[in-house]
Amino acid sequence: MPELPEVETVRGGLNQLTLSQEVTGGDVLLQRTIAYPFSVDEFIDKVKGNTIATWHRRGKYLLAELSSSSPSYLGVHLRMTGQLLWLTQDQPLHKHTRVRLFFGEKQELRFVDQRTFGQMWYVPSHVAVESIITGLAKLAVDPFSPEFTVAYFADKLKKSRRPIKTGLLDQSMVAGLGNIYADEALFKSGILPTTLCTELQLPQIELLRTAIIQVLSASIAVGGTTFSNFLSVKGVNGNYGGEAWVYNRTGEPCKICGNVIGRIKLGGRSSHFCSQCQS
DNA sequence: CAATGCACCTGCTCGC
DNA sequence: TGCGAGCAGGTGCATT
């Protein structure tokens, strides 16, 4: 479900709904969802009594800053199938409910995750967030950051001899792209996914950088639902727009030239492309 | 060191 | 209808 646009949409919803209300308790239904601390009782104990000042996003990670002069953090990664839902506590439990955090008397932030890859962390005050949520340490710049310049991108690419599709999925190259938006950005910039990073010329790198930003912002603009079968925090949506140019369109005609969309595996992931429009 | 393959899970779809 | 194979939006670790 969630790549950068979906995570950003969730962040927006959480900032509207969850701030300034005390966490009054919680329930962990699947232990291994809690990556830190080791004890789930300690996790609930530490989160309890806090209020959330604001939700941040770094790549596909969500970080709740807990109100304090020296803040602690609640980290969440949705991985493949995680959802955060804002509900009343009396709502029937979904089969895949993994963690419940109670807010005030009636409200609840519920973590539902079919495939159980999703994780949550509690990061104490005065501790570097990257030392607990280790995935953050290797995270590259955000595609919307002013640091994501052509020069930055070109420098990363010239050091990497592997297919560009694989490179785009590497969160230490750019943070936030996943399989869908990587394929879409490559189509938009006319680059075959198999092209080696080192083979890309400056004009192509400029095109690709622009395509990444465009594809992601277009999706954020419609609430991350462009091609995601995705639920917002309020539980609305879940529409599959089918607006992708290439993703999941194997065997169908290219929307630009009519050529059949192909699929190959790169780095273990399906890559969709038009061999006519991309070279 | 960089690149690759696979494990981690549950559930759905497809072909036989 | 049943069954196995293959697939799914991500990441981390072992192996080359």
Side-chain angles (χ1 to χ4, degrees), chain A residues 1-10 29-36 57-62 75-84 94-99 111-121 130-140 155-186 193-199 215-216 219-220 222-232 237-244 246-251 263-272:
Chain A
M1 177 185 66
E3 300 181 32
L4 186 151
E6 291 75 28
V7 177
E8 182 61 22
T9 301
V10 169
L29 289 85
L30 182 70
Q31 277 210 25
R32 65 181 139 74
T33 303
I34 307 304
Y36 191 89
R57 178 186 61 73
R58 281 166 71 180
K60 299 171 200 168
Y61 291 82
L62 286 163
V76 184
H77 198 302
L78 305 173
R79 288 299 205 281
M80 300 280 254
T81 54
Q83 299 175 335
L84 284 170
H94 184 281
K95 183 177 179 184
H96 304 299
T97 303
R98 307 305 180 196
V99 178
F111 187 55
V112 178
D113 181 24
Q114 183 205 108
R115 289 176 73 184
T116 74
F117 296 156
Q119 294 192 292
M120 299 179 102
W121 300 258
E130 303 79 27
S131 71
I132 303 290
I133 309 176
T134 52
L136 289 175
K138 290 168 282 177
L139 213 58
D155 184 62
K156 285 276 186 188
L157 290 167
K158 80 178 181 202
K159 293 172 181 164
S160 184
R161 284 196 62 81
R162 56 183 169 174
I164 181 60
K165 169 61 187 292
T166 311
L168 292 181
L169 293 181
D170 183 343
Q171 304 296 298
S172 69
M173 186 100 99
V174 193
L177 282 173
N179 208 32
I180 298 177
Y181 298 103
D183 279 3
E184 294 297 307
L186 286 169
T194 45
T195 314
L196 295 185
C197 297
T198 45
E199 291 170 350
V215 164
L216 296 177
S219 181
I220 291 172
V222 296
T225 60
T226 347
F227 4 85
S228 294
N229 188 2
F230 156 74
L231 275 186
S232 75
N237 280 318
N239 68 321
Y240 184 89
E243 289 176 32
V246 288
Y247 184 79
N248 206 21
R249 295 195 65 242
T250 315
R263 180 174 78 168
I264 52 168
K265 284 252 179 193
L266 289 172
R269 314 298 302 280
S270 286
S271 296
H272 312 77

Among B/dG11, C/dT11, B/dT4, which is the nearest nucleotide to the side chain of A/H96? B/dG11

Using a cut-off of strictly less than 4.0 Å, decide whether A/Y247 has a side-chain nitrogen or oxygen near OP1 or OP2 of C/dG9. yes

Under 5.5 Å between ring centres and under 30° between planes: does that hold for A/F117 against the base of B/dC8? yes

Can you check the distance between B/dA3 and C/dG9, where both ends of the measurement are the C1' atom (answer in whole Å)? 23 Å

Below 4.0 angstrom from OP1 or OP2 of B/dA3, is there any side-chain N or O of A/S160? yes

Respond yes when some side-chain nitrogen or oxygen of A/R79 is under 4.0 Å from OP1 or OP2 of C/dT11, and no when none is. no

With the side chain defined as heavy atoms from C-beta on, A/T166 is closest, among C/dG9, B/dT4, B/dT10, to B/dT4

Report yes if some heavy atom in the side chain of A/F117 is under 4.5 Å from a heavy atom in the side chain of A/T81; otherwise report no. no

Between B/dG11, C/dA8, C/dT11, spot the one nearest the side chain of A/R263, thanks. C/dA8

Between C/dG6 and B/dC6, how far is it from one C1' atom to the other, in whole Å? 15 Å

Among C/dG9, C/dT11, B/dC9, the one nearest A/R115 by side-chain distance: B/dC9

Side-chain ion pair, A/R58 and A/E130, N-O less than 4.0 Å: yes

For C/dC7, does OP1 or OP2 lie under 4.0 Å from any side-chain N or O of A/R269? no

Counting only side-chain N and O atoms of A/T81, is one of them less than 4.0 Å from OP1 or OP2 of C/dA8? no

Closest nucleotide among B/dA3, C/dG10, C/dG12 to the A/R161 side chain: B/dA3

Can you check the distance between B/dC9 and C/dA14, where both ends of the measurement are the P atom (answer in whole Å)? 16 Å

Same-atom distance (P) from C/dT11 to B/dC1, integer angstrom: 23 Å

Is any side-chain heavy atom of A/H96 closer than 4.5 Å to one of A/Q83? no

Looking only at side chains, do A/K138 and A/S172 share a donor and an acceptor under 3.5 Å apart? no

Please state whether the phosphate of C/dT11, meaning OP1 or OP2, lies under 4.0 angstrom from any side-chain nitrogen or oxygen of A/H77. yes

Check whether any side-chain nitrogen or oxygen of A/K159 sits under 4.0 Å from OP1 or OP2 of B/dC1, and answer yes or no. no

Salt bridge check, A/D113 against A/R79: does any charged N sit closer than 4.0 Å to a carboxylate O? no

Does C/dG10 have OP1 or OP2 under 4.0 Å away from a side-chain N or O of A/Q171? no

